[in-house]
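These notes concern the structure reproduced below.
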Amino acid sequence: MRSSALAARITRYTLGSVVALGTSVVVFAILYVLGVGTTVCSVAAFAAGAIPNWILNRRWAWGVRGRVAFGREVVGYVAVSLLSLVLASLATGWTSREVHSIPAHHGIRVALVTGAYVLVQVVLFGLKFLVYEHWVFAGRSRIRAALRSRAQVLTAARANRAP
């Protein structure tokens with residue numbers, strides 16, 4: 001049962017990620033063709049994809065409903081998203097500088113720079129799933145539970161010392 005639930009979650013995560021990536025790629029490519037800088041393109045594409053991604057991941061892939069656990073869900077999701085955004089901005093900026101010699105009217109330059117954005121998302125795909133699975137959408141924070149457990153052990157160990 002556990003493996004089928006995990007497989008279903010991975011499938012839903014993958015489909016949600018495809019929707020978010022498709023949205024992001026369209027926004028990125030349109031803005032880049034319009035002459036907007038790669039950092040702004042990456043930020044706008046990130047925002048366009050992050051909103052459906054959050055909703056699809058939280059509600060559909062992980063089935064989390066109700067009140068949002070701000071510290072774990074929002075902070076965790078934003079941290080993972082910012083890492084993705086920074087890496088995408090760096091990759092697209094570098095790629096844009098490298099392909100600048102290709103004439104702007106060729107679709108190759110747009111495809112290569114947009115491809116750099118997609119590559120970052122593909123590379124981070126598995127890492128994001130692991131972070132979402134074990135921390136962001138895990139229900140109860142395993143990290144917080146581990147820290148509490150450690151603190152309780154240390155407190156109990158001090159209490160059990162002989163004077």
If you look only at pairs with a residue in residues 69-88, which of them pass as a ring-ring contact (aromatic ring centres under 6.0 Å, His included), with sequence neighbours excluded?
-> W54-Y77, Y77-Y132
Pair listing, side-chain hydrogen bond (donor to acceptor under 3.5 Å, both in side chains) test, anchored in residues 27-48, at least two apart = Y32-S96, S42-T92
When rounded to the nearest 0.5 angstrom, what distance separates CZ in R97 from NE2 in H100?
-> 11.5 Å
Take S24 and Q121 through the test side-chain hydrogen bond (donor to acceptor under 3.5 Å, both in side chains) and record every step on the way to the result.
-> CA-CA 10 Å; S24 294; Q121 304 313 316; over 6 Å; no
Flag, side chain of T95 to backbone of V113, donor-acceptor distance under 3.5 Å | no
Answer yes or no: is there a side-chain heavy-atom contact under 4.5 Å between L112 and E98?
-> no
L56-V27 co-clustered via ILVMFWY side chain contacts under 4.5 Å | no
Give the minimum heavy-atom separation between I102 and R109, together with the two atoms involved.
-> O-NH1, 3.1 Å
What are the two closest heavy atoms between A91 and A116, and how far apart are they?
-> O-CB, 3.9 Å
Okay, side chain of S84, backbone of V80: is any donor-acceptor separation there less than 3.5 Å?
-> no
Value rounded to 0.5 Å, distance of CG in N53 from CZ in R58 = 13.5 Å
Please answer: with hydrophobic residues joined when any side-chain heavy atoms are less than 4.5 Å apart, are W135 and F137 in the same cluster?
-> yes
For residues A44 and L31, report the shortest heavy-atom separation together with the two atoms involved.
-> CB-CD1, 3.4 Å
Gap separating the CZ atom of R59 from the CZ atom of R65, nearest 0.5 angstrom = 7.0 Å
State, with a plain yes or no, whether a side-chain heavy atom of L21 is found less than 4.5 Å away from one of V18.
-> no
Can you name the nearest heavy-atom pair linking A88 to V120, along with the distance?
-> N-CG1, 3.8 Å
OG of S17 to CD1 of I10: how many Å apart, nearest 0.5 Å?
-> 11.5 Å
Could you state the interatomic distance from NZ (K128) to OG (S81), rounded to the nearest 0.5 Å?
-> 6.0 Å
Do any N or O atoms from the side chain of R72 and from the backbone of V136 form a donor-acceptor pair under 3.5 angstrom?
-> yes
Hey, could you give me the CG/CD distance between N57 and E73, rounded to the nearest 0.5 Å?
-> 11.0 Å
Just wondering, do Y13 and W62 contact through their side chains at under 4.5 Å, heavy atoms?
-> yes
Cluster question for you: counting only ILVMFWY and a side-chain heavy-atom cut-off of under 4.5 Å, with indirect links fine, are L119 and F46 together?
-> no
